Amino acid sequence: MRTKYISMTALTLVAGASLVALAGQPPRPASGSISGKITYTGTPPKMKAIDMSKEPSCVKQHPTPVTTENVVTGKNNSIQYAVIYISSGDQGSTAPTKALKFDQKGCQYIPHVLAMQVGQAFQIINDDPTSHNIHPLAKVNPEWNKSQPPGTPPLNAQYPKAEFIPVKCNVHPWMHGYFIVLNTSHYAVSDDDGEFSIKDLPPGKYTVTAWHEQFGTQSQDVTVAGADAKGTNFVFKAVPY
Amino acid sequence: MRGTRWNRWAGVGLAAAVLLCAGAASAQESHVGKYSGNAKAGKINYRRYCIGCHGPAGDGNGENAPWIDPKPRDFTAAVFKCRSTPTGTLPTDQDLYDAVTRGFDTTNMPPWMPLTVVDRVNLVAYIKTFSPKWKSDKAGAPVEIPAESPVTIESVLHGRELFQKMECWKCHGPEGHGDGPSAATLTDSKDRPIPPYNFSTGTRFKCGNTNRELYRIFMTGLDGTPMPSFADVIKPADAWDLVHFLRTLQPLVTPEATVWKAWVTTHGNELKPIGPEQAPGVGQ
């Protein structure tokens with residue numbers, strides 16, 4: 001399998017070198033994908049209503065009170081904001097140049113969990129009429145803490161090392177999110193139906209890991225052979241506290 | 001002939017040895033002014049004077065730590081409050097030396113001036129052995145502090161506006177009493193409660209008591225605490241105005257307080273209170 005892949009790459013390279021007209025990189029045989037669903041069994045903890053009364057400008061932005069987001073569940077026991085990534089196997093390409101966005105709106109982080117690659121640029125935006133301080137509690141990466149008053153330009157940031165970093169705002173203690181910095185470019189965050197899909201995977205053997213901030217991590221081995229490895233599901237055991 | 005070859009090999013060996021030492025020892029050394037510190041020498045004094053609070057592993061879990069608040073610094077995290085360098089960067093050796101020398105007012109950390117300069121520089125070198133970050137990362141470039149603007153009532157009043165606009169009062173309180181709406185919920189990076197500075201106590205600031213050092217706090221932030229850096233969002237001239245206003249919140253005789261008192265006695269009723277934006281007509 002592997003030898004075949006290497007020899008094919010070599011062939012492509014030779015062909016590419018001999019044909020001067022053929023510019024650019026050899027095409028990566030990346031046709032496979034891994035998809036599935038994140039669900040729970042048991043009783044998940046009830047999310048608490050957030051009292052934003054100390055920040056009237058944020059109260060105004062929410063017609064209905066918002067709750068904490070450490071366990072966001074949907075239909076059929078699905079779980080949102082789980083991060084699914086390739087922990088072993090092809091690690092993909094270097095980070096795309098387009099910056100990701102992390103918004104502060106209504107005294108909440110959007111998205112609640114931002115997954116990114118090592119060295120990938122991202123922008124932190126304040127869309128509120130109040131000041132926030134962005135305080136990612138990094139341990140391996142540098143720990144910084146910056147104020148962002150309303151109307152100031154986006155903050156540009158990136159992390160040089162892989163780490164799962166909790167993010168908080170000290171002014172608004174209910175604000176809580178995560179920066180998930182990964183070595184791989186193959187990752188996904190589960191959507192509001194708990195579904196995810198990791199695309200552009202070359203055929204091969206992989207270890208897929210799913211992480212959830214409350215329920216921990218799970219891994220399974222998946223072989224991708226060109227087509228979609230559907231049904232790579234993860235079931236977390238939920239406890240109500 | 002034989003001699004030259006021998007010399008050549010010796011030279012190569014020596015160069016390699018020097019390179020190896022430089023690589024391995026850089027994190028074990030410190031440089032403050034004309035002094036160079038050595039971790040091995042620092043360890044002796046660390047084990048005598050510092051270990052009781054900061055612990056044998058430098059993680060802040062010494063045997064006295066449970067009875068101390070604020071807690072002793074955890075050197076393994078390599079996160080420091082008092083720096084001359086931007087938020088998220090390592091402090092300079094001089095910063096660490098200044099911290100050991102100055103101590104931290106209102107904490108259990110005394111000034112270590114009884115130790116000789118060389119002893120303190122050696123301690124800095126030893127403190128840097130507790131985290132691998134001192135090998136992988138470089139200290140940040142110190143933030144530039146421009147010359148202080150004159151203390152005028154305009155400067156103080158503008159500083160007061162910024163205190164409102166930058167929302168300093170959310171933690172430090174409308175009158176700087178450390179009782180803002182967010183004060184009670186503040187925690188440090190280890191999730192331990194931490195109070196914002198209360199200006200009405202008039203105690204010395206932890207990172208030095210000059211106006212320059214107060215200015216520096218806005219620009220560097222106090223890493224590991226809720227106090228953020230304002231370096232990207234406040235202009236130098238504005239920061240000096242804020243410094244001048246903050247001095248008026250302390251019950252001290254300062255040039256700023258004198259200017260302020262003279263003005264307030266005649267204009268006090270013109271001031272809008274600091275705090276949440278109020279609907280027109282309310283509180284007037």
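Letters go in sequence order (proteins before strands), and every chain restarts at 1. Everything numeric in this text was worked out from a predicted model, so none of it was measured.
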> Between atom OG of A:S147 and atom CZ of B:F230, what is the distance when rounded to the nearest 0.5 Å?
Replying inline: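 Here the interatomic distance stands at 3.5 Å.
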
> Rounded to the nearest 0.5 Å, what separation is found between the CD atom of B:E144 and the CZ atom of B:R216?
Replying inline: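 Reported value, rounded in 0.5 Å steps: 13.5 Å.
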
Check ion pair [X]-[Y] (N to O, under 4.0 angstrom):
X	Y	value
B:D105	B:R204	yes
B:K128	B:D93	yes
B:D74	B:K190	yes

Contact part of [X] toward chain B, heavy-atom cut-off under 4.5 Å: side chain, backbone, both or neither?
X	result
A:T130	both
A:I134	neither
A:S131	both

>> Set out, in order, the CA-CA distance, both residues' side-chain angles and the distance that settles side-chain hydrogen bond (donor to acceptor under 3.5 Å, both in side chains) for B:H177 and B:N198, then state yes or no.
In response: CA-CA 5 Å; B:H177 293 186; B:N198 177 351; 5.5 Å; no

Just so I understand: if I count every heavy-atom pair under 4.5 Å between each of [options] and chain A, which residue has the most?
options	answer
B:L90, B:T89, B:D223, B:T225	B:T225
B:P228, B:G88, B:G221, B:P132	B:P228
B:T187, B:D137, B:L186	B:T187
B:G224, B:G180, B:A78, B:A231	B:G224
B:A77, B:S182, B:P226, B:S229	B:P226

> For B:E213 and B:N209, what are the C-alpha separation, side-chain angles and deciding distance, and is it a side-chain hydrogen bond (donor to acceptor under 3.5 Å, both in side chains)?
Replying inline: CA-CA 6 Å; B:E213 284 156 326; B:N209 205 33; over 6 Å; no

> What part of B:D191 gets closer than 4.5 Å to chain A, counting heavy atoms only: side chain, backbone, both or neither?
Replying inline: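 For B:D191, the contact with chain A is made by the side chain alone.
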
